[in-house]
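Letters A, B, ... mirror the listed sequences (proteins, then strands); counts begin at 1.
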Protein chains: 4
Amino acid sequence: MAAGNTFGTILKFTSFGESHGPAIGGILDGFPSGFEPDMEFVNDFVQKRSPSGSIWETQRKEKDEAEILSGISNGKTIGSPIAFIFRNKNIKPQDYSEINKSFRPGHADYAYFKKYGIDGQSGGGRASGRETVARVFAGALALDYLRKMNIEIFSFVSAIGSVNAEFDPEILDKNTIESSVLRCPDSVAEKAMLDLLENLKKENDSVGGCVSTFLKNVPAGLGEPLFSKFNAALSQAMMSIPAVKAIEFGAGKDGLKLKGSEYNDAMSMNSGKISFDSNHSGGIQGGISNGNDVFFNTCFRPPSSVGKMQNTVNRSFENSELEIKGRHDVCFVPRAVPVVSAMTALCVLDLLLLNNAYQIL
Amino acid sequence: MAAGNTFGTILKFTSFGESHGPAIGGILDGFPSGFEPDMEFVNDFVQKRSPSGSIWETQRKEKDEAEILSGISNGKTIGSPIAFIFRNKNIKPQDYSEINKSFRPGHADYAYFKKYGIDGQSGGGRASGRETVARVFAGALALDYLRKMNIEIFSFVSAIGSVNAEFDPEILDKNTIESSVLRCPDSVAEKAMLDLLENLKKENDSVGGCVSTFLKNVPAGLGEPLFSKFNAALSQAMMSIPAVKAIEFGAGKDGLKLKGSEYNDAMSMNSGKISFDSNHSGGIQGGISNGNDVFFNTCFRPPSSVGKMQNTVNRSFENSELEIKGRHDVCFVPRAVPVVSAMTALCVLDLLLLNNAYQIL
Amino acid sequence: MAAGNTFGTILKFTSFGESHGPAIGGILDGFPSGFEPDMEFVNDFVQKRSPSGSIWETQRKEKDEAEILSGISNGKTIGSPIAFIFRNKNIKPQDYSEINKSFRPGHADYAYFKKYGIDGQSGGGRASGRETVARVFAGALALDYLRKMNIEIFSFVSAIGSVNAEFDPEILDKNTIESSVLRCPDSVAEKAMLDLLENLKKENDSVGGCVSTFLKNVPAGLGEPLFSKFNAALSQAMMSIPAVKAIEFGAGKDGLKLKGSEYNDAMSMNSGKISFDSNHSGGIQGGISNGNDVFFNTCFRPPSSVGKMQNTVNRSFENSELEIKGRHDVCFVPRAVPVVSAMTALCVLDLLLLNNAYQIL
Amino acid sequence: MAAGNTFGTILKFTSFGESHGPAIGGILDGFPSGFEPDMEFVNDFVQKRSPSGSIWETQRKEKDEAEILSGISNGKTIGSPIAFIFRNKNIKPQDYSEINKSFRPGHADYAYFKKYGIDGQSGGGRASGRETVARVFAGALALDYLRKMNIEIFSFVSAIGSVNAEFDPEILDKNTIESSVLRCPDSVAEKAMLDLLENLKKENDSVGGCVSTFLKNVPAGLGEPLFSKFNAALSQAMMSIPAVKAIEFGAGKDGLKLKGSEYNDAMSMNSGKISFDSNHSGGIQGGISNGNDVFFNTCFRPPSSVGKMQNTVNRSFENSELEIKGRHDVCFVPRAVPVVSAMTALCVLDLLLLNNAYQIL
C-alpha cells in the first residue's frame, strides 16, 4: 500500500511519528460507529508495552497517554477517523550524537540512509520500537470490540533464547500471563528465562524470543483467498513489527516433518457441531478460518543495541568502531506481547468487517 | 485488498479460475511498457511447475500453454494489462463425486463451505495447486524483467521431512539446481530425500518441506516502512501460496537463540563499498533491503490428500470415513520452487517500481 | 489505483483488452456468492451497446457473446472472481494503416504515444469504445443484483447537440426508453435529434450529448466521506467512460444560479416517512445518499472521428492532413446509455457492500 | 477506498477531525524525501481559505496555524508521513443547541444520521468546510513541490450566481487574482458579483458559483487509463470538496453542442514542438494529459445555511420550522479557490509520482 504506513482494507490504521520528533500517533479509520470503547481497558492495555522496571529493560520511561483528536464523541465512536497522539516527552537527541556518526550494526540506519538519503536520527527515528505505541492504542480499540463479540486473543512469551515454555492451549488464562513479569505462562521456564536475561545483562548483550498467540471463538469463514488469506494478512501484520524475523502457523516449521496422515486435522461431529481432533493447521485451511483456535508463533531477533564494541562503518564511509552506551533492552519480547495482540486484533477486525461486506442478502 | 485475488501495489497481479472450470488465468497490470519479454524463457519457466513424471507426483498432466489476450503487441509490452489464460484440459469431475460427499481432512473444503455456502468442487476448486499456473506465468515475466536489471532469484529445495540440504550461498548455480530432480543443490541430501519419498509413496502418505530463496543484486533501499516492509510484503506473497505454513528471514527462527553481538551483521568497507561480515538479518533491516543478499525460507506442510482411510464429516454433518483414491503428490515442494520464485519476482518488481515512484527530482 | 484498470473497493472490476487484439474481457471480483444471475437479462443488456443499424452509427458489427471463464458454477456465483472474455472477431488492422501514420485529432493517439512510447494501434486500442463491452457485461451482473434488491437505474438520452429532451422523473419507464431508437423518453425531442443526426451524417460530422440517470429506491446512507462520497465515486465512474467531459448532480451547473433558500430541499413527514419537496441536491447531501432519487447528468463530447480533412501532425513530427474514412458514429450517446447504467450499477453495488461492512453488530 | 478519508495512490492524504472536536488534521504520506518546503509559502496559502472579513462571509475567525508532528526534520521532508494538526479554538457548541433538534435543510445532517445513527453535531461536524483546512495545508506542500517542477496551478472565481467572468487563459496572473477580494480576474464582473452578494446578504440568502482552474506546464502522459484517468482523478478530487455539484473539462457541458470538426483540437508543429490550435478537450485526451493546459470548472451549490425560516423535520420525526441564526457565508466560492488548488495539486503530484513509477529502465 504505497508508502507503507497504512494497514488494513476496511479498518485502516495509519501510523505516524518519529521517536525523536514531537509526537507519535495514528488514525484508525473505518471503525464501526456507535461503539462505546472501555477507555480504562484501552489505557491499561497501552501501559503494557512500557518497561516493567526490570534491569534488563530500557529505562526510557514515559507514561503514555493518548490525546484523542477525533472520531469519538460523548464516549462513542461516530464513524469518522479516530485520530490520536502521544507526545514524546523524554527526547534527548544528544544521546545520539555519537552513534549518529556511524551506522549502527543490526539497525536500520544504513538501509534507511540508502532509501531516503537522510542523515542522522530523523530517518531512523521511524524504525523504532517507540512507534508501536500507536499500534497498541489502535489495537486496544479493536481488541475491545472483538471481546464484545466474544473473540479473545491470548498472546504470551513462549521462548527466550533457547528456553522454551510449555503450556496447555486449553487452559490459557490472561491473569496468569499478566502476573508473570515475562508474560510467560510457564513459571518454571520463566525462572530460567530470567536467569538468562540477568546473565546477558552482565555481558552487555541481548537475546531474542518468541510470542505465541491463540485466537479463541473466531468464526469459520474469515480470510479472503488468495492474497488476503488469514495467514497472509497476519503474516504481513506480524512482519511489520520491528525485529520480527519469522512467523509460523499451527505446527509451523516442525510440521513439515510430519506425515500427511499425521498432520491432517481429522474432523468429527461433537454435540451437533464439527470439532477437530488436532490443530496442526493452526485453525486456518486454504487461508480461511475453520472455527478451530487460530494459532501462530511470532519470532523476534535479539535487540541490535548491545553495549559491546562492534565493527561498523561511519557516515564518511570509513571503517570504525562503535560502542552503544546507555541502558537498552536485553530482550524486548515480553514488551512485544501487547504489540502482537494489537496487530492481531487490527487484522482480525478488518477481516471480520471485510467478510461482513459480502453478507448482504 | 478486498476479495483477495490481487497482489501488489504498482504492479498488480490478479488471478482467476477454478481447477475444474474452463480456464485458469490472470491479469498482470502495471507492467512497464516497451519491454520485450523472452517468451521462450517464460514458457520454459511455466513448465517447471508441471509434474516431472516421478512416481511420487500427481499424474494430472497437461502441457500448460498460455494464450495471451492483451497487453503484448508485436512482442512488446504496451503498458496495458497483460491478460492470459490456460485452458483446463484434463478435467474429470467424476473423480470427485465420492470425495464431494465429505469434507476432506486438511483441505479447504469445510472452511470454504462456511465462507461461501457453496457445495461441491466449485468453491474448493479455487484452493488448488492448479491456480498457481497463473502466478508462474506472471512471475516469469517479472523474473525476465528483473534479470535484465541484473537481479537474480535462486529458489531451491532445502528440506524434505527431516532431511536438510547443505549448500553454500556463494556458489549457487541454476543449472545444478535444475538438473536435480528434486531441485536440491545437495546431491547427498537429495538421495536421502528420494528414499524418503519412495517409502512414503508405498505407505500412501505424504510429507512437507522447505524452499530456500536467495535474491542477488537487490539494490539497497527497497521495501516501504511499516506495513510494506520488504519482509512483510514477501511474507504476504509466500503465505498466499497453498500449503505454506511458515516463513523465516535470514537466521530465522534459530536466530532468536543467538546473542545480539553474534546476530548483528557487522559492516566494513571493502574496495570502496560497504560489505557485511554475516547475513543473519537476511539482507533486510528495518524492513528495507541493505544491499546484502535477501534470504528466506518458505515452509510447506505435507499434502493433505493421502491414500489412507481418514475420519471426517460428510456434507450431511454425520461422521464418516474417507479414502482419497487416485495418484496424488507425496510432496509438492520441488514443484513449488517455481511458484516461490514467481511470487518473489512479482513482489520484488512491485517494490522496485514503488520505490522508483519517489525518485522524481 | 495504480495502473488504472480496476474500479471499486469491495466489488472490484478490472478490464483488459485492446480493440484490435484477440479479446476484450474483465474480472469482477468481490461479487457476493450464492447469487443466481439471470443470464438472459445479462446478455440482452450487453447487446444494448451494439449499433442499432441506423445510418448514423458505426457498422462494426459483432454479436458480443461473453465466455465466462470462472466464478459462476451451476448457474450461481461462488465467491471467486468472475472472469469473462469477448473475442474480437471483426479486426481489420489494414483499415488503420493510413491513420496510423498521423496522430488523429481529438483522439488519444498523441497522449498515449507520450505516455507509453508505443507506435501504432497497439496503445490506442485501449482508448476505444470497444473496451466498454467488458464494463457492460460486469455492470449487467451488478444491475441484476440491484434490481433484486429493488434498486432501479434509469439512464436515457436527455440531450443531443442543442436539442434537449423533456421528461418527468416520476413516470420514467424502461419500455418507453428502450423502444426509442435514441433511448430518449421525449418523442418530440427525439424527432429533432434524428433530424440533426441525419444532417450531420451528410456533412460527415459528429455531435455530442448527454445521458441522464435516475436511481430509485437507493437507501439513505450510501457513500463514504470524504473522498468516496457517492458523487465522488460516481464522478470517477462516469469520467472513466470514453468521451465524457462533464458530470453534474441534481440541479447541476444551473443550480449555482439559485438562491440557497430556493436550492435547499425542504423536508417534511409524509405517511410516517421523510420526504423532500424538491431534489436540487440530486439525492446526495454531504456525499451521502438521503433516500431521495439519486440524479445526475453525464455529458459526452462529439466523436473525434469525422470524415472531414483535418490538420494534424504525423508520427515523423511533420504537419500533415488526415481524412478518416469509413463509417463512424455521428453520435455515440444512445449507445453510451447502457455503459452509463453499467458503471452506475458497479459503483452503487460497491458502495452498498462497503456500507454493509460496517453494519456488523 | 474504504472509509473514504484517504485520497491518492502513491501520495496519500488522509484527513481527520470534526469541526467541533479538539482539532482538524491530516497525514500526507508518500511525499518524496529531501524536499525543503517553503513554509512561508505554505502558511500564507493556508490563510487564503480564512474569511476575508467581508460582510458576506462567516465571522468564525481563527488564525489557522499548523503544528507539524512528523515527517519534516531540520526543514526537510524525510520520507515518513507528514502529520499535522490545527487546533479548533473557536468552538461554541451552544450555537448549535437549537439547530441540533432538527435536520437542517440542504445539510448532511439527515444523511449522516441515516448512515451513522449519530445524533447531534458529532457526526455532521465532519461534513463541514472547516475540514478543508487540512486539505489546504497538505495541498500547499504539493503546490510548492509542483512549482519547483515548473508546474503552475491557477484557480479563480469565474462565476457567482448568473454573473460570469471573462478572462484570457494566456494572461492569467496570480497577483491580479489574489488582489481581487473575490479572487476573480475580471474586475467588471467582480463588481457585479459584489453587488449580488450584498443584496443577498440583506435578504439573508446565499448563492453558488464556479471556480475555474488552469494547469500550466503539465507534461504530456499523466493520468492512467481507465479509471485513474486524469479527468477521473480530478473529478473525484473536486467532488470530494463540500458543496461541489458539477465538474466539466475544457469546453465542458457546452462542448456537446459543437460539431466534432469544431471540437477536435487540431495539431501542428510549432518551432519544433507540437501545439494545439484550440483546447476544447481541456488538455486531456483519452484520460491522459496531452501537454496543453489542463482546464476545468468546478461548480458549487449555494451555502445551505440561510437566515430564512425553512420547513424541515426534527429529530423526533415531526414537521418543524428552522431559522438558522448567526452569520454565515453568503457564498463560499472565493474561499473555495485555495481548496480547489490544493486538491488539484495533491491529485497532480500523485499522478506524477505514479507515472514516474513505471519509468524505470
Determine, for B:K229 against B:E224, whether the closest basic-nitrogen to carboxylate-oxygen distance falls under 4.0 angstrom. no
Pick from A:A246, A:A237, A:G260 with the largest number of heavy-atom pairs that fall under 4.5 Å of chain B: A:G260
Nearest-0.5 Å distance that lies between atom CZ in B:F227 and atom OG1 in A:T6: 7.5 Å
Options B:F249, B:Y263, B:Y358, ranked by heavy-atom pairs under 4.5 Å with chain A, top entry: B:Y263
Side chain, backbone, both or neither: which part of B:M343 has an atom under 4.5 Å from a heavy atom of chain A? side chain
Of the backbone (N, CA, C, O) and the side chain (C-beta and beyond), which part of B:V333 lies under 4.5 Å from a heavy atom of chain A, both, or neither? neither
Side chain, backbone, both or neither of B:S289 within contact of chain A (heavy atoms, under 4.5 Å): backbone
Exam field: side chain B:K115 to backbone B:A111, donor-acceptor pair closer than 3.5 Å: no
Step-by-step side chain to side chain contact (heavy atoms under 4.5 Å, CB included) determination, B:F230 to B:L351: CA-CA 8 Å; B:F230 204 146; B:L351 291 177; 3.8 Å; yes
Look at the side chain of B:D350 and the backbone N and O of B:I10, then say whether any donor-acceptor pair between them is shorter than 3.5 Å. yes
Residue selection (most heavy-atom pairs with chain B, distance under 4.5 Å) from A:E262, A:M269, A:H280, A:M238: A:M269
Per-residue tally against chain B (heavy atom, under 4.5 Å) across A:A159, A:G209, A:S162 peaks at A:G209
The interface call for B:P225 against chain A, heavy-atom contacts under 4.5 Å, is both
One option among A:G286, A:G208, A:P302, A:G287 has the most heavy-atom pairs under 4.5 Å with chain B, and it is A:P302
Between B:R104 and B:D109, is the closest basic N to carboxylate O distance under 4.0 Å? yes
Value for CG (A:N264) from CG (A:D277), rounded to nearest 0.5 Å, stands at 11.5 Å
So, the part of B:I247 with a heavy atom under 4.5 Å from chain A: the answer is both
Pairs of heavy atoms under 4.5 Å with chain A: top-ranked of B:A243, B:C331, B:G223: B:G223
Scored by heavy-atom pairs under 4.5 Å with chain A, the best of B:K253, B:K273, B:K114, B:E203 is B:K253
Chain A heavy atoms under 4.5 Å from B:I274: which part of the residue, side chain, backbone, both or neither? side chain
Heavy-atom distances under 4.5 Å only: say whether B:F317 touches chain A with side chain, backbone, both or neither. both
Is there a side chain to side chain contact (heavy atoms under 4.5 Å, CB included) between A:D329 and A:S206? Walk through the geometry before answering. CA-CA 7 Å; A:D329 285 309; A:S206 66; over 6 Å; no
Chain B shares the most heavy-atom pairs under 4.5 Å, among A:S281, A:G291, A:G272, with A:S281
Interface moiety of B:N319 toward chain A, non-hydrogen atoms closer than 4.5 Å: both
Given a strict heavy-atom distance threshold of 4.5 Å, which part of A:V244 is in contact with chain B: side chain, backbone, both, or neither? backbone
Quick one: pull up CG in B:N204 and OG in A:S261 and give me the separation to the nearest 0.5 Å. 10.0 Å
Mind ranking B:L258, B:I241, B:D265 by heavy-atom pairs under 4.5 Å with chain A and telling me who comes out on top? B:L258
Answer key: most heavy-atom pairs under 4.5 Å with chain A among B:N290, B:V163, B:L196 is B:N290
Could you check whether the rings of A:F113 and A:F103 sit parallel, tilted or perpendicular, using 30° and 60° as the cut-offs? tilted
Best-contacting candidate, B:L200, B:V207, B:N231, B:L234, against chain A by heavy atom pairs under 4.5 angstrom: B:N231
Is B:F13 in contact with chain A via its backbone, its side chain, both, or neither, using a 4.5 Å heavy-atom distance? both
If you measure from the Lys or Arg side-chain nitrogens to the Asp or Glu carboxylate oxygens, is any gap between B:R126 and B:E131 under 4.0 Å? no
As an exercise: rank A:G255, A:A220, A:S304, A:A233 by heavy-atom pairs under 4.5 Å with chain B and give me the winner. A:S304
Please check if atom NZ in B:K308 has more than 12 non-hydrogen atoms from other residues, nucleotides or ligands closer than 6.0 Å. yes
Given side chain to side chain contact (heavy atoms under 4.5 Å, CB included), test B:N297 with B:C210 step by step and report yes or no. CA-CA 7 Å; B:N297 292 319; B:C210 191; 3.7 Å; yes
